[in-house]
Amino acid sequence: MSTLMNIFPLSELTEFLEASETERPLTIRTNNLKTRRRDLAAKLIDRGVNLDPIGPWSKVGLVIYAAQVPLGATPEYLAGHYTIQGASSMLPVMALAPQENERILDMCSAPGGKSSHIASLMKNTGVLVANDANSERIKAVIGNFHRLGVVNAIVSCEDGVKFPKIMSGFDRVLLDAPCTGTGVIAKDPSVKASKSAIDVQKCYNLQRKLILSAIDCLSAKSSSGGYLVYSTCSILPEENEWVIDYALKKRNVKLVPTGLDFGVEGFVNYRQHRFHPSLNLTRRYYPHTHNMDGFFVAKLKKFSDTIPAQAEGADDEVEEPFEETLSKEDRKELEKQGKTENFEGKKPLKNKKKDKRHIVKDFGKQKPLVNGKKTPQKPGTPKQQTPAKQQQTPKQQTPKKQQSPKGSQEGQQFKKKEDKSSEVAKKLGKALKKNQQKNKAFNKREQMKAFKTKKKGPNPKERGKKF
């Protein structure tokens, strides 16, 4: 709440919180590869759908107010004439402005809504590389491409940070970076309770690595492009303005206008921090002002493929302005979480209690158990003594411990534990024998039933076998 108070004034903060609790209107995007928006709207109206154009800023979007049929199961949806997509998710692709016969990379493409939008604007020409690091989510990208008729795409499952080593020289790159999701609270209310300061820092560190690799994938010599669009569904400056300001320092890029006619300008000043003055070209979108999910969009142009001398070898040693803005309480929480969590953010598993029956005992001092019983001792041999070894190795003699009463008490306690373990072993052995006898009797009964009852067709227990 303290971070939101730093972003919004109090009068606007209440409006944002109320808008975050209400669901956004359902929106769909027309697939221009198969139909036009006018024809699609006419078909859906005939099916009893109440809709309107999404606004003057989009030529493919439709707002759904009411529907008598499920929009995810209509013949038009299954035929790939439209896809269900949020209004704010259309903005990064519009800012990217892909052209025909270009090489374009979508670094974090799952589930494929933005990638299919890029393919429709390219009219299935050129090459589109849809990449995502999650192998499970990449399946949704393949399914959507087949349904929507995307032909010019290559689907890959690689780590975005290492992607420049695999392929580079793209005309345009779209980076919809993974974030905390503070702009889509209406879709996922658990964000309010599940996300902490350490989650924001993890996303912030990952986003800086991804934006540098996305810039390295671009080609500054491209005649038609050399553009990168960075977007997140978060409203926190740590994941937006700070990341862009870091990229401006580490690579030869500059901010350019996004081409979007509406939106709030990005922060140039935030608390005690001062960002690059060109950050006013970025755009922010809020649910209470634009009636869409919270979003951030920035467009960068690469003007040189060389890496600045100051940034070489300094990618790992990065300033950490995030921790400076935390209060004392938040810093204490970060320290506690850092101690109790490992590098993957998971709490270490507690050591399980050791079972006494599985402890390896030192049989040189004590006799082992055989079937839960002690081995009989030979007459004339004292317990727990090895005189031959004691004579050879005087260092192992401990006369003080044998004379001390504490040692005798410990020996008695150890004997009691042994007796208990032997009793437990006996009980377990008896229980196992009973279970074996029961299982044998049960198997015999079933065999007799199978012989007596003659049924037509195969036995249900033997399904799948060939007769």
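Fair warning: this is a prediction, and the values are worked out from it, not measured in the lab.
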Donor-acceptor side-chain pairing of Q207 and T232 below 3.5 angstrom:
no
How long is the straight-line distance from OG1 of T182 back to NZ of K195, given to the nearest 0.5 Å?
10.0 Å
Residues Y285 and R283: side-chain donor-acceptor under 3.5 angstrom:
no
Taking the basic N atoms (NZ, or NE/NH1/NH2) and the acidic carboxylate oxygens, is any pair closer than 4.0 Å for D106 and K114?
no
Fit a plane to each ring of H290 and F262, take the angle between them on a 0 to 90° scale, and name the class: parallel (under 30°), tilted (30 to 60°) or perpendicular (over 60°).
tilted
Give the intermediate values and the outcome of side-chain contact (heavy atoms from CB on, under 4.5 Å) for residues I307 and R251.
CA-CA 6 Å; I307 298 175; R251 294 293 184 270; 3.7 Å; yes
One pair to check against side-chain contact (heavy atoms from CB on, under 4.5 Å): C217 and L105. What are the steps and the verdict?
CA-CA 8 Å; C217 287; L105 168 66; 4.1 Å; yes
At what distance, to the nearest 0.5 angstrom, does CH2 of W57 lie from CG of L91?
5.0 Å
OG1/T180 to CG/L236 distance, rounded to the nearest 0.5 angstrom?
5.0 Å
Does a donor on one side chain and an acceptor on the other come within less than 3.5 Å for S120 and N31?
no
In terms of the angle between their ring planes, are H288 and F16 parallel, tilted or perpendicular, with boundaries placed at 30° and 60°?
perpendicular
Determine the minimum heavy-atom distance between S304 and A220, stating which atoms define it.
N-CB, 3.6 Å
Lys/Arg N to Asp/Glu carboxylate O, K165 vs E158, below 4.0 Å:
no
Donor + acceptor pair across side chains of R24, S88 (<3.5 Å):
no
Between I118 and L96, does a side-chain contact (heavy atoms from CB on, under 4.5 Å) hold up when you go through it step by step?
CA-CA 9 Å; I118 293 172; L96 187 65; 3.9 Å; yes
Any side-chain donor near an acceptor of the partner, D199 and S196, under 3.5 Å:
yes
Is there a donor-acceptor contact under 3.5 Å from the side chain of D171 to the main chain of S222?
no
Side chains of Y82 and T74: donor-acceptor distance under 3.5 Å anywhere?
yes
Do the side chains of F296 and V243 get nearer than 4.5 Å, heavy atoms only?
no
Which of parallel (below 30°), tilted (30 to 60°) and perpendicular (above 60°) describes F170 and F163?
tilted
Strictly by salt bridge (Lys or Arg N to Asp or Glu O under 4.0 Å), give each pair with a member in residues 76-85 just once, sequence neighbours left out.
R47-E76
Tell me whether K249 is salt-bridged to D245, with the criterion being a basic N under 4.0 Å from an acidic carboxylate O.
yes
Is a side-chain donor-acceptor pair under 3.5 Å present for S224 with Q99?
no
